[in-house]
Amino acid sequence: MSTTLTPAATGTPGRGPLRPPSWGMPTLGSLGLAAAVALPWLVNGYVIALAATALVMAVLAMSAQLLVGWAGLSPLGQAAYLLVGAYTAASVATVTSLGPVQLLAATAAGAIAAVLTGWLAVRARGITFLMVTFGLGELVHAAANQWAPGGSEGIHIAPVVALPGLPAMVRPGWVYLYVLACTLVVGAAVAVLVRTRFALLLRGIAAHEPRVQAAGHHTGRLLLAAYTIAGGIAGASGALVIAVTRYVSPADAAMGVSALALAAALIGSGSMTGACAGAFLLVAARDWASGLLGGHGPTLLGLCFLLLAYLPRRRLAGLTLRLSGRRT
Amino acid sequence: MGLNVLVGPYTITALDGVAYGLLLFTIAAGLTLIVGVAGVFSLAHGTLYLAGAYLAWHLADGGWGGLALALAVAVVLGTLGGVGLAVVVRPLVDRPLDQVLATLGIAYIAADQFSRVFGAEPRSVDPPRAVAGSVSLGDYQYPIYRLLFIAIGLVVVVGLFWLVERSRAGAIVRAVVADPGMAAATGLRTGAVRAGVLVGGAVLAVTAGVLGAPVIGPSPGVDTTVLVYSLIVCVVGGLGSIRGALLAALGVGQTLTLGVAIAPGAAAFILAAAMLAALTVRQRTTIPGQPA
């Protein structure tokens, strides 16, 4: 996505009256975090459960954004690695209900699944990459229907324990706080990752792959590494799914989930915070607003996708890049 | 007696695979041209099939009249769908991702409305009474409609091959697949060709839905299933190639019937392997007329 790089380059001093003051972002961030932590005491259980779902989707959106915003590849099968992570966490849950252990196992499983399938996916570029990841996602979905424990009915899992010695989390407020903490950890790891040389190389590949190759880099391997990391993040979101719903079924890897992650990444146009915001928006449209309008989530989500397709992407990118003050 | 040697349980399944493969070809041939010629990655293609299948369910009355009516409506509906698709993606030329989002949005809205109108349970569509029975092939009974469907499928195959490889319209379409810039430079109206292919592909998909409803019946989720298999056919067969689509569709059809019968569960992986093989042979597959 070379378009995401352009607005940052136009940031000459003296222009851009919308640029927030230097203390703006940290203050906004702390206020947002405080509000997020206080949420269970402010709203009812339904909204808390919704917020937890939105956090899970935000993690999946970050996974997609690593590929969309950095490597310039659009995946339409990220939910497959969420599913791998969820089933791994579910089988770990039969041994221990300790959440962090499940999270680590799910992350590892997602990464392994991604490295196994990714060497096929990263051969393709552009829309073919989208087709291949879509195909892979659907095949994982089909395989889960066939072989996963519980079949298409899915399986139930015992409540997760956040830390050793604590009681199992049954109330949605505690589950939400646990998911929030995990999301922040994943987010911090991603924030570190996108400031590395590796992330810069990915941006270089997105902008002009032959030049990165000419500089002596094996772009296929770099992209495979990115795909693997993205798979790991998606796997982590799988562990969070079962923490929230205490249930996993092949339906968790439905195309809609992958599409939502990709759309959230596109809404975020090149920024991780933007991708998370996009995930919140889409979950709100699908689950919350549709509830107010008589339960037609897919229609509302479809309208969101249509609207998003016609939005001038470049202008949106400029907005989110300015607001997040990204240094590239 | 000679027939008994030929007809085993696997040959019957393989015959099913031919019917399935020809159905997939009818759907995927349209998609491969839409992606290859029009450069539109339409995720609403399965939706068109499902629309046709529901149409058949709604209008099927067990006679030929219902089927004929359904086919007539399918052509109208397919034309409208193709024109609508062309209008929707027109502002999104050279923005493949936005085309994906737009067609996905349409697919979502349609799927939601289908389940609102037709309910969530699968509907079974019976073939016309005159061909509802079965014939005996050796020791086995085989539905007449499937044999008829294979015949229709072969007609579609021959017709499409003639249209694309022999006719003037086909030459224009192939010219646009091969080199859109050069085709435009020689005075071909590529925009009109693209719209025409969108309409043709949509009509094929809706018609396939009407005729294929007794084979793959209408139910929620069928749109995605059909779309996935069509995409696999497109990837394996090579985008924009009718010949490739035919071979790939027959292969996928056999994998999904014979493969499932011989090694249940392995079918998904055979398809993945086929995709892998196709992508390895044609490394760095790009779509004609699209920036990679």
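The sequence lines fix the lettering, A, B, ..., with proteins before strands; numbering per chain opens at 1.
- Of the listed residues (Asn145(A), Thr299(A), Leu306(A)), the greatest number of heavy-atom pairs within a distance under 4.5 Å of chain B belongs to Thr299(A).
- The only option from Asp252(A), Leu60(A), Val56(A) that meets the side-chain contact (heavy atoms from CB on, under 4.5 Å) definition with Val257(A) turns out to be Leu60(A).
- Looking only at heavy-atom pairs under 4.5 Å with chain A, the residue among Thr225(B), Leu271(B), Ile109(B) that has the most is Ile109(B).
- Put simply, of Gly137(A), Ala143(A), Gly256(A), the one with the most heavy-atom pairs under 4.5 Å next to chain B is Gly256(A).
- Within 6.0 Å of the NE2 atom in His58(B), the count of heavy atoms belonging to other residues, nucleotides or ligands does not exceed 12.
- At least one side-chain heavy atom of Leu76(A) sits under 4.5 Å from a side-chain heavy atom of Leu43(B).
- With rounding to the nearest 0.5 Å, the separation of OH in Tyr20(B) from OG1 in Thr13(B) is 14.0 Å.
- The existence of a salt bridge linking Glu121(B) and Arg123(B) is confirmed by a sub-4.0 Å separation between a basic side-chain nitrogen and an acidic carboxylate oxygen.
- At a 4.5 Å heavy-atom cutoff, the contact between Val88(B) and chain A is made by backbone and side-chain atoms alike.
- With a 4.5 Å cut-off on non-hydrogen atoms, Val140(A) does not touch chain B at all.
- By number of non-hydrogen pairs under 4.5 angstrom with chain B, the leading residue of Thr117(A), Leu139(A), Leu300(A) is Leu139(A).
- When heavy atoms are compared at a cutoff of 4.5 Å, Ala102(B) approaches chain A by way of both its backbone and its side chain.
- Applying the ring pair (Phe, Tyr, Trp, His ring centres under 6.0 Å) test to Phe114(B) and every residue at least two apart in sequence or in another chain returns Tyr54(B).
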